[in-house]
Amino acid sequence: MPPKRKNSSIIQVEDVGMDVDAEFDSGSEDEARRKRIQNRRAKSQRKAKLTIEEEEDEDEDEDKAPRGRGRRKRPKPIDSDQDEEDEDKGKRQTATRRGRTTSKKKSDKEDSNDESGKEKGSRRQTRGKAASKTQKEEQNKDKKENAKGKVEESKDKKNKKGNSSSDSHNSDSENEEDQLSEGEIEALKEQVEEKKKLIATLRNKPWRMKKRLIILKEAQEFVEKFEGALGKGKGRKLYAFKIMMAKKFIKFKRDFENFKTACIPWERKIKEVESHFGSSVASYFLFLRWMYGLNLILFGLMFGLVVLPEVMMGLPYGSIPRKTVPRAEQETAMDYSVLFDFGGYAKYSFMFYGYYNNERTVGVLKFRLPLSYLLTGVGIFGYSLMVVIRMMARNSNEGGDGGDEGQFTFSWKMFTSWDFLIGNPETADNKYASITTSFKESIVDEQENQKDENIHLRRFLRVLANFMILCCLGGSGYLIYFVVKRSQDFAKLDPRSLTWFQKNEVEFVMSLLGLVCPPLFETIAELEDYHPRIALKWQLGRIFALFLGNLYTFLFALFDEVNAKMLDEKAVKNATEWAYQEYYANYSSFHNTTDVPPLNIPPADVVRGPCWETAVGIEFVKLTVSDVQVTFLTILVGDFARAVIVRFLNYCWCWDLEAGFPSYAEFDISGNVLGLVFNQGMIWMGVFYAPGLMGVNVLRLLTSMYFQCWAVMSSNVPHERVFKASRSNNFYMALLLLVLFLSLLPVIYSIMTLPPSFDCGPFSGQDRMYDVVLETISRDLPAFIGNILTYASNPGLIMPAILLMVLAIYYLNTVSKGYQQANTDLKKKMQMARDEEKNRRNNKDSTNQMMKDLEDLLPDKSLFKPQVQEKPPTDAAPEKGSKPTKMKPGTAGVNLHKEVSLASPNPRGPVSRGPGPRGGPPGNAMGPQPGPGRGRGRGRGAPPPRR
Amino acid sequence: MGNKQTIFTDEQLDAYQVRLHGRYHELAPHLVPMDYTTEPDCKIPLALIVNMPELKENPFRNRIVESFSEDGMGNLSFNEFVDMFSVLSETAPRELKAIYAFKIYDFNVDNFLCKEDLEKTLNRLTKEELTPEEVDLVCEKTIEEADLDGDSKLSFADFENMITRAPDFLSTFHIRI
C-alpha cells in the first residue's frame with residue numbers, strides 16, 4: 001500500500017515535472033551547483049574565512065560524492081525487480097539494453113564496495129539524510145508543489161524504490177516501472193553529461209589543485225563507468241592524437257607569428273625608441289621605415305626597368321659620345337673632387353639621364369628602352385600616389401574603430417600592460433620605461449582634458465599667435481622673392497665684379513630663415529597652449545609653408561639654368577648642323593661624289609650640347625647628398641657633441657650643465673619629419689633626370705635609420721611632455737601627398753612641353769618627350785587602338801568625363817559624410833548607454849538624493865511602512881554581491897553570476913516593494929512611526945522607481 | 001566532446017606534472033623528494049620560487065606566489081605550484097585568469113582593489129618614476145573608469161567587467177614554462 005502511494009505521487013511529480021522545473025528553476029540541481037560555485041568563488045577570495053571555506057568545501061564534497069554513489073547503488077535493487085519481472089512477463093522493449101546496463105552496474109557496485117572507509121562514512125550519512133527526507137516526504141506528500149528541488153525528489157524517489165525492492169514488494173505496475181527506468185536512464189545520462197561538463201570545465205574553476213584532483217578523479221571514474229553503459233567512449237586514441245596535433249599546430253602558429261615579427265625590419269629598434277621616448281618619436285621612425293619600403297620598391301622599378309636593361313643590353317661605355325667623357329675633361333675625370341661633384345665619369349654614367357641611348361629597342365629582347373624610361377618615370381609618380389592615398393585611407397579606417405577605446409585607458413594600462421612572459425632583465429627594463437612613458441602620455445592627455453580654461457583669453461592668444469606667424473611667413477616669403485629678383489639682376493652683371501655675399505645671397509637668406517624661423521614659430525606657439533600633439537601638427541604645417549619658399553627658389557633657379565642651357569644647346573646644335581652641312585658640301589665638292597661617308601670622329605672629341613637634363617639630375621643628386629651631410633653633421637655636432645660636453649664637462653663646470661642651460665637635446669620631430677618629406681620630394685622630382693638617385697636615397701634612408709636610432713638612444717632626452725602620437729600618422733602622409741603633388745608638376749611640365757636635348761638621353765631627336773608614346777601607338781599597336789585613343793583624347797569626350805568624375809567625387813563625399821555622422825551618433829549612443837548603466841548601478845547619494853526628494857513629494861507614501869523591516873536585505877544588496885540571489889532565487893537566480901551580483905539591486909526593487917502595500921494596511925496602526933524609517937530605508941536601498 | 005576533454009585533461013595534466021615536478025624539484029633539491037607516490041607534505045618557501053627565471057623579472061612576483069599559496073605567506077606545495085602555472089598557462093580561460101589577476105593585484109587581501117592597491121601596482125609597474133601627483137591622478141582615473149557601483153574601490157565584478165574587454169589581457173597574463 002504505502003509504496004504504491006509513493007509511486008503515484010512520483011508520477012504526479014513527473015507529470016508536473018516541467019511545471020515544477022519552470023517554477024522553481026533555481027531549485028534545480030544545476031542552479032544549485034552554480035550557486036555553490038559562486039559562493040565558493042566569492043569565498044575563496046576572502047581569505048579571512050579560509051576555515052569556513054574548507055569546511056563548506058568538505059561538505060560539498062560529501063554532498064557530491066554520495067549523490068553519485070547513491071545512484072550507483074541504485075541499480076542493484078532494480079535489478080532484482082527486473083529479474084523478477086522479466087521472469088514474470090518476459091516481454092520488455094528495453095530488456096536487452098537494460099540487461100547490459102545492469103550487469104555493468106553490478107560490477108560497479110562491487111567496485112564501489114572497495115572504496116575507502118571515509119566514503120563509507122559519508123554514505124552512511126547520506127542514508128541517514130535520505131531516511132529523514134523520506135519521512136519528510138511522507139509528511140508533505142500532499143503539498144508536492146512546495147519549493148523542493150528536483151534533486152531531493154529524485155533522491156527520495158530512489159530511496160523509496162530501494163526500500164520497496166528490499167521489501168521485495170512486487171506490486172509495482174509494469175507501466176510505472178518502465179517509466180521509472182526510462183527516467184532513470186535519462187537521469188543517468190544527464191548525470192554523465194554533467195560530470196563530463198565538470199571535467200571539461202574543471203580547469204576553469206578557481207579551486208585549489210588538491211580539490212580539483214579529487215573531483216576530477218571522481219568524475220572521471222563516474223564517467224568511465226557509465227559511459228560504457230550508455231554506449232559511448234570509443235576512439236580515445238584518435239582523440240588523443242587529434243588533440244596532440246592541435247597543440248602542435250598552435251605551437252607552430254605561434255612560432256610562425258614570432259618569425260613574421262622577426263622579419264619586420266627594425267621592429268626592435270623602434271620599439272626600444274618608443275619605450276624610452278614615447279610614441280611620437282617612434283612615429284617618426286615608423287614613417288622613416290615606411291618611406292624606406294616605398295623607396296625600395298621605386299628603386300626596384302627604376303633599376304629593373306631602366307638601368308639594368310641599358311647596362312646589360314645597351315651599348316657599352318665609350319661607344320658613343322653620350323657615353324664617353326669628353327677629351328677636355330678626361331684629365332680630371334677620376335679626381336675625387338670632380339667625382340664628388342658628380343662630374344667626370346659620374347656624369348657620363350648610368351646615374352644620369354644623358355647616358356641613355358635613343359635607340360628604339362635594345363638587345364635581343366627588343367626592349368623598348370625610351371618608352372620604358374618614360375613610363376617608369378611617370379609610373380613612379382602613379383605608384384607613389386596610389387600607395388600614399390591607400391595608406392591614408394587605411395590609417396583613417398584604423399582611427400575610426402576605437403569605440404571602446406576611451407573607456408578604460410588607465411585601467412587597462414594598469415592591469416594589462418605588464419607582459420608576464422618577460423624573463424629577460426633588459427627587456428624588463430625597457431618594459432618599465434615603456435609603461436612609464438605610456439602612463440605619462442595618458443597623463444598629458446588627461447591633464448589636457450582637465451585644464452580649466454579661460455576660453456576668451458585662449459582664443460585671443462591663438463588668433464594673435466596665428467597673426468604673428470602669418471606675418472613671419474609673409475615677411476620671409478617677400479624676403480625670398482626680393483632676394484631671388486636681386487640675384488637675377490646680379491646674374492646679368494659681370495660675375496667678377498660681385499662680392500661673395502652677392503653671389504650667395506639666396507642660399508644665405510634661405511638657410512638663415514631655416515635656422516631662425518622654426519624656433520621662432522615654436523616660441524610663438526607657446527602662446528596658443530595647444531596639446532603637444534596638435535601643436536606638433538601646427539608646427540609642421542607652418543614650417544612646411546616656410547620651406548615651400550625654399551622649394552620655390554630652388555625651382556626658380558633651376559628653370560633659369562635650364563633655360564640658359566637650352567639657349568646654349570640651340571647654338572651648339574646649329575653650329576653642329578652647320579658644320580655637318582659644311583662637311584658634306586666640302587666632301588662632295590672635293591671628291592665629286594654624292595656618296596659621303598659618315599664623319600669618323602672619336603666619341604670623346606665630338607662636339608656636344610650641355611644636356612640640361614643631366615645638369616638637372618646632377619643638381620638634385622648634389623642636393624640630396626649635401627642634405628645627408630648636413631643632417632648627419634647636425635646630429636653629430638648638435639646632439640652627440642653636445643651630449644658629450646654636457647655629460648663630461650659637468651664634472652668641472654660652474655653650473656649644472658645637465659639640468660641648466662645647454663642640457664641634452666630633445667629629438668626634433670617636426671624638423672626630421674619635414675626633412676624626410678622634402679627629401680622625398682627632391683627624389684621624386686629628380687629621379688626622372690637621374691635614375692641613380694633612387695639608389696642614393698635608399699642608401700641614405702638605410703644609414704639614417706641606424707644613425708638616428710643610435711643618436712636618439714645615445715644623446716637625446718625624452719620630451720618634457722611625452723605625448724602620444726595620433727593613432728594614424730595621416731598628417732605626415734598628407735604632407736607627403738602635398739609634396740608629391742608639388743614635385744609632380746615640374747616633371748610633368750618638362751615632359752609635356754620642354755624639348756629634350758638633341759644629343760643625349762633616350763628622347764634625343766624628338767620634339768617632346770611624350771612623342772615616344774605617340775610613336776609607339778602609331779607604329780607598334782594595331783590601328784584601331786590608335787583610333788580609339790584619338791577618339792578618347794577628343795575634348796568632347798574629356799569634358800563629360802571630367803564632369804562625371806566631379807559628380808562621383810561629390811556623391812562619394814556626401815556618402816562618407818553620412819557614414820561619419822552615423823558613426824558619431826552611434827558612438828554617442830554607446831557612451832550614453834554606458835553612462836546610463838553606470839548610473840543605474842550607482843547607488844550614490846547624489847543620484848538618490850533626487851529620488852528621495854521626488855518620493856517625498858508623493859502623497860500616499862506613508863502607507864508603505866513595512867519598508868522598515870525590509871531595510872536590512874535591501875541595504876545588504878549592493879555590498880554582498882551574490883547573496884541576495886540566494887534569498888530570492890526565483891527572480892535573479894537564472895542570471896549569470898556576474899549579472900546577479902551587479903544587477904541585484906534592480907530586480908530586487910519590485911520584490912521588496914511588493915509586500916509593502918499588502919502588509920501595509922494591517923500595520924497601519926503604527927502610522928506615525930514609519931515616517932523617518934521609511935525615508936531612510938527607501939532613500940538608501942530601494943531604487944526601483946528609477947527605471 | 002566530453003570524452004575528448006577527459007583524455008585531454010588527463011594526459012596533459014600528466015605531462016605537465018612530470019615536467020613541472022622537475023622544475024619544482026630543481027628549486028629545492030634538499031626539500032623535495034623525487035618520489036611522489038607517497039604524497040609527502042613539503043612546501044617551498046617564497047624566496048626560492050620567486051627566483052625562478054620565469055618570475056624573476058616580474059614586478060608582481062611576490063604577489064603571484066602569495067595568491068597561489070594556501071597559507072597566504074607564499075609557501076607553495078607542489079599542487080599549488082602546478083595550480084599557479086596552469087592558471088598562467090596559455091589555455092586557461094579568461095574568467096579564471098581574471099580571478100587570479102584580481103587576487104594578485106589585491107595587495108592587502110581585502111577583496112577589493114582600493115586606491116592603496118592601485119598605488120602599489122602603479123609604483124611597481126613604473127619603478128616609482130611618476131610623481132605622487134601623477135600617481136594620484138592615475139589611480140583616481142582608474143577607479144573612475146572601472147568602478148561601476150560607486151564605492152570608489154573596485155570589486156571583483158568591476159574588475160572582471162573591465163578586464164574582459166581588455167584586448168591584450170590574455171596575451172600578457174601568461175607565462176610559458
Side-chain angles (χ1 to χ4, degrees), chain A residues 41 45-47 193 196-197 199-200 202-206 208-210 213 216 220 223 227 232-233 236 239-240 242-243 404 407-412 414-425 427-428 432 435-436 439-440 442-443 446-447 837-838 841-844 878 881 898 901-902, chain B residues 1-11 53-54 56-60 70 72 79-80 82-83 86 88 92-93 95-96 99-101 103 105 109 111 118 121-122 125-127 129-130 134 137-138 141-142 145-146 148-150 155-157 160 162-163 165-166 168-169 172-176:
Chain A
R41 228 174 248 178
Q45 286 153 18
R46 262 169 254 152
K47 282 204 175 159
E193 279 307 314
K196 275 190 197 168
K197 216 181 279 170
I199 292 171
L202 190 69
R203 333 176 73 225
N204 310 359
K205 306 265 157 85
R208 300 232 173 258
M209 189 51 85
K210 216 188 287 172
L213 282 178
L216 177 72
Q220 273 176 348
V223 169
E227 273 222 310
K232 285 185 199 165
R236 303 177 122 228
Y239 278 132
K242 266 190 193 163
I243 293 303
D404 227 18
Q407 277 188 29
F408 296 117
T409 343
F410 283 101
S411 319
W412 286 351
M414 179 89 89
F415 296 121
T416 66
S417 58
W418 184 263
D419 192 342
F420 281 51
L421 277 173
I422 291 174
N424 175 353
T427 325
Y432 283 122
I435 291 175
T436 312
F439 266 118
K440 277 189 178 156
S442 297
I443 288 171
E446 191 52 41
Q447 281 169 345
E837 193 184 25
K838 210 167 173 178
R841 289 173 177 177
N842 226 335
N843 270 355
K844 266 184 192 162
K898 185 174 79 187
S901 51
L902 280 175
Chain B
M1 164 216 140
N3 205 1
K4 228 188 289 180
Q5 290 289 354
T6 317
I7 299 164
F8 184 46
T9 324
D10 230 358
E11 292 195 349
E54 283 84 359
K56 213 162 155 192
E57 296 300 332
N58 199 315
F60 306 109
E70 207 163 355
N79 272 333
E80 287 153 0
V82 173
D83 219 13
S86 96
L88 289 170
E95 299 80 40
L96 188 63
I99 289 166
Y100 279 98
K103 282 176 93 170
Y105 293 125
V109 208
N111 225 14
L118 295 182
T121 311
L122 189 59
L125 273 178
T126 58
K127 288 204 166 170
E129 293 220 347
L130 297 180
E134 286 171 333
L137 179 80
V138 171
K141 283 303 291 179
T142 310
E145 280 167 6
L148 286 174
D149 45 18
S155 65
F156 178 65
E160 203 189 15
M162 180 268 296
I163 212 86
R165 294 184 207 184
D168 40 13
F169 171 61
T172 56
F173 197 72
H174 162 202
I175 289 181
R176 257 177 239 155

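Keep in mind the model is a prediction, meaning the values are calculated, not measured. Each chain gets a letter, A, B and so on, in the order its sequence line appears, and its residues count up from 1.
In this view, A/S442 and A/T409, A/F410, A/K413, A/K724 satisfy the side-chain contact (heavy atoms from CB on, under 4.5 Å) rule, not counting sequence neighbours. Applying the side chain to side chain donor-acceptor pair (under 3.5 Å) test to A/K242 and every residue at least two apart in sequence or in another chain returns nothing.
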Practice prompt. Show your reasoning for whether side-chain contact (heavy atoms from CB on, under 4.5 Å) applies to B/F60 and B/Y105.
Written response: CA-CA 8 Å; B/F60 306 109; B/Y105 293 125; 3.7 Å; yes
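Heavy atoms of B/L125 lying under 4.5 Å from chain A belong to its backbone as well as its side chain. Residue contact with chain A, scored on non-hydrogen atoms closer than 4.5 Å, involves the backbone and the side chain of B/A166 alike. For A/F415, the parts lying under 4.5 angstrom from a heavy atom of chain B are both the backbone and the side chain.
The backbone N or O of A/A428 lies less than 3.5 Å from no partner atom in the side chain of B/E57, so there is not a single donor-acceptor pair.
In terms of non-hydrogen atom pairs under 4.5 Å with chain A, the most contact-rich of B/T121, B/V138, B/I163 is B/V138.
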